[in-house]
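The shown structure was predicted, so the numbers you read here are calculated from the model rather than taken from an experiment. If you read the sequence from its start, that first residue is 1, and numbering goes on from there. Side-chain atoms are counted along with the backbone in the values below, which use heavy atoms only and exclude waters and symmetry mates.
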Amino acid sequence: MSLPALSARSVVQVAVSDPRVRPLLRELGEEYSARYGKDAHAELARYPDEEFTAPHGGVLLLILEGGEPVAGGAFRRYDAATAELKRIWTHSGHRRRGLAREVVAELEREARARGYRRIYLTTGPRQPEARALYLNTGYHPLFDTEADPESIGPLPFEKHLPRHPESDLGEDLRTGKATAQ
């Protein structure tokens with residue numbers, strides 16, 4: 001299988017009502033239903049759309065290639081110092097390219113810019129690739145990683161954001177070069 005050709009990539013902030021969000025919502029709904037049953041669509045409706053807007057302390061980001069959404073994610077205000085990541089998604093035709101890592105990094109940058117000092121999230125026990133993503137991007141598990149995930153339920157994670165972005169040495173996910181974030 002060959003990977004799709006890379007084209008111009010951009011990151012945009014959008015409203016949940018933006019038509020470009022439809023693939024994210026559709027594929028997440030299908031994925032959740034396949035792993036957790038038909039009622040999993042309720043997870044996408046749990047929070048009002050406005051919680052993912054700036055006036056309410058949130059954001060929804062999409063990564064576009066050639067104007068088409070290939071990945072995305074959101075956060076909502078959890079408390080005054082904490083953003084909660086939600087709806088991390090990579091288009092089914094664009095997986096295994098590091099796009100989820102890029103989404104998480106973009107959300108962290110945006111959360112830090114808005115004054116958040118901590119990120120909190122949960123992922124389902126039947127999503128081992130999401131669990132690995134968070135462990136591999138510096139998130140601290142708030143559960144026993146040796147326990148059967150099914151015995152825990154939603155798997156909680158947290159990450160404390162540095163006060164000064166320049167103190168966080170990392171890798172630029174677009175170029176692969178070490179940079180200060």
Colleague: Passes side-chain contact (heavy atoms from CB on, under 4.5 Å), E102 versus R9? Steps please.
Modeller: CA-CA 12 Å; E102 188 172 335; R9 186 181 298 170; 2.6 Å; yes
Colleague: Mind checking whether L24 and L62 have side chains closer than 4.5 Å, heavy atoms only?
Modeller: yes
Colleague: Quick one: side chain to side chain donor-acceptor pair (under 3.5 Å) partners of D49, sequence neighbours excluded?
Modeller: none
Colleague: Quick check: do R114 and R112 have side-chain heavy atoms less than 4.5 Å from each other?
Modeller: no
Colleague: Can you list every pair that meets side-chain hydrogen bond (donor to acceptor under 3.5 Å, both in side chains) and has a residue in residues 135-145, with sequence neighbours left out?
Modeller: E108-Y139
Colleague: Which atom pair, heavy atoms only, marks the closest approach of G124 to Q127?
Modeller: N-OE1, 3.1 Å
Colleague: Grouping I, L, V, M, F, W and Y whenever their side-chain heavy atoms are under 4.5 Å apart, do L107 and L135 come out in a common cluster?
Modeller: yes
Colleague: Considering all heavy atoms of both residues, which atom of D148 and which atom of S151 are nearest to each other, and what is their separation?
Modeller: O-OG, 2.6 Å
Colleague: Nearest 0.5 Å, please: how far is CG in L161 from CZ in R117?
Modeller: 7.0 Å
Colleague: In the structure I gave you, are the side-chain heavy atoms of P69 and H91 within less than 4.5 Å of one another anywhere?
Modeller: no
Colleague: Any heavy-atom pair between the side chains of I88 and Y134 that's under 4.5 Å?
Modeller: yes
Colleague: Verify whether the ring centers belonging to Y116 and F75 lie closer than 6.0 Å.
Modeller: yes
Colleague: Would you list the pairs meeting side-chain hydrogen bond (donor to acceptor under 3.5 Å, both in side chains) in which at least one residue belongs to residues 75-85, sequence neighbours left out?
Modeller: E51-R76, R76-E84, D79-T82, T82-R118
Colleague: For E146, enumerate each residue passing the salt bridge (charged side-chain N to carboxylate O under 4.0 Å, His left out) test, keeping only those at least two apart in sequence or located in another chain.
Modeller: none
Colleague: Holding to ring pair (Phe, Tyr, Trp, His ring centres under 6.0 Å), I want the full list of residues that pass it with F143, two or more places apart in sequence or in another chain.
Modeller: F157
Colleague: Give the C-alpha distance, both sets of side-chain angles, the deciding distance and a yes or no for side-chain contact (heavy atoms from CB on, under 4.5 Å) between L60 and Q13.
Modeller: CA-CA 6 Å; L60 175 63; Q13 294 183 23; over 6 Å; no
Colleague: Decide yes or no for R126 and Y32: does some side-chain heavy atom of the first lie under 4.5 Å from some side-chain heavy atom of the second?
Modeller: no
Colleague: Kindly indicate whether the side chain of L121, heavy atoms from C-beta on, has any atom under 4.5 Å from the side chain of K86.
Modeller: no
Colleague: Kindly write out the residues that satisfy side-chain contact (heavy atoms from CB on, under 4.5 Å) with S17, not counting sequence neighbours, or none if the list is empty.
Modeller: A15
Colleague: Can you give me the closest heavy-atom contact between P125 and P149, atom names plus distance?
Modeller: CB-O, 3.2 Å
Colleague: Kindly work out whether a path of hydrophobic side-chain contacts (I/L/V/M/F/W/Y, heavy atoms less than 4.5 Å apart) joins Y120 to Y47.
Modeller: no
Colleague: Output the distance between atom CG (L61) and atom CD (E106), rounded to the nearest 0.5 Å.
Modeller: 7.0 Å
Colleague: Report the residues that fulfil side chain to side chain donor-acceptor pair (under 3.5 Å) with E31, sequence neighbours left out, ordered by chain and then residue number.
Modeller: R35
Colleague: Is there a side-chain contact between L64 and V70 in this structure, where contact means two heavy atoms from C-beta onward sitting under 4.5 Å apart?
Modeller: no
Colleague: Using a 4.5 Å cut-off on heavy atoms from C-beta on, say whether the side chain of L155 contacts that of T122.
Modeller: no
Colleague: Run the side-chain contact (heavy atoms from CB on, under 4.5 Å) test against E50 and tell me which residues pass, sequence neighbours left out.
Modeller: P48, T53, H56
Colleague: Can you name the residues that form a side-chain contact (heavy atoms from CB on, under 4.5 Å) with A100, not counting sequence neighbours?
Modeller: T90, L133
Colleague: The criterion is salt bridge (charged side-chain N to carboxylate O under 4.0 Å, His left out); which residues satisfy it with R22, sequence neighbours excluded?
Modeller: none
Colleague: Looking at every non-hydrogen atom in both residues, tell me the closest pair between F52 and A74 and how far apart they are.
Modeller: CD2-CB, 3.5 Å
Colleague: First locate atom CD1 of I119, then atom CD of E158, and finally report the distance between them rounded to the nearest 0.5 Å.
Modeller: 11.0 Å
Colleague: Under a 4.0 Å threshold between the charged nitrogen and the carboxylate oxygen, would E129 count as salt-bridged to R95?
Modeller: no
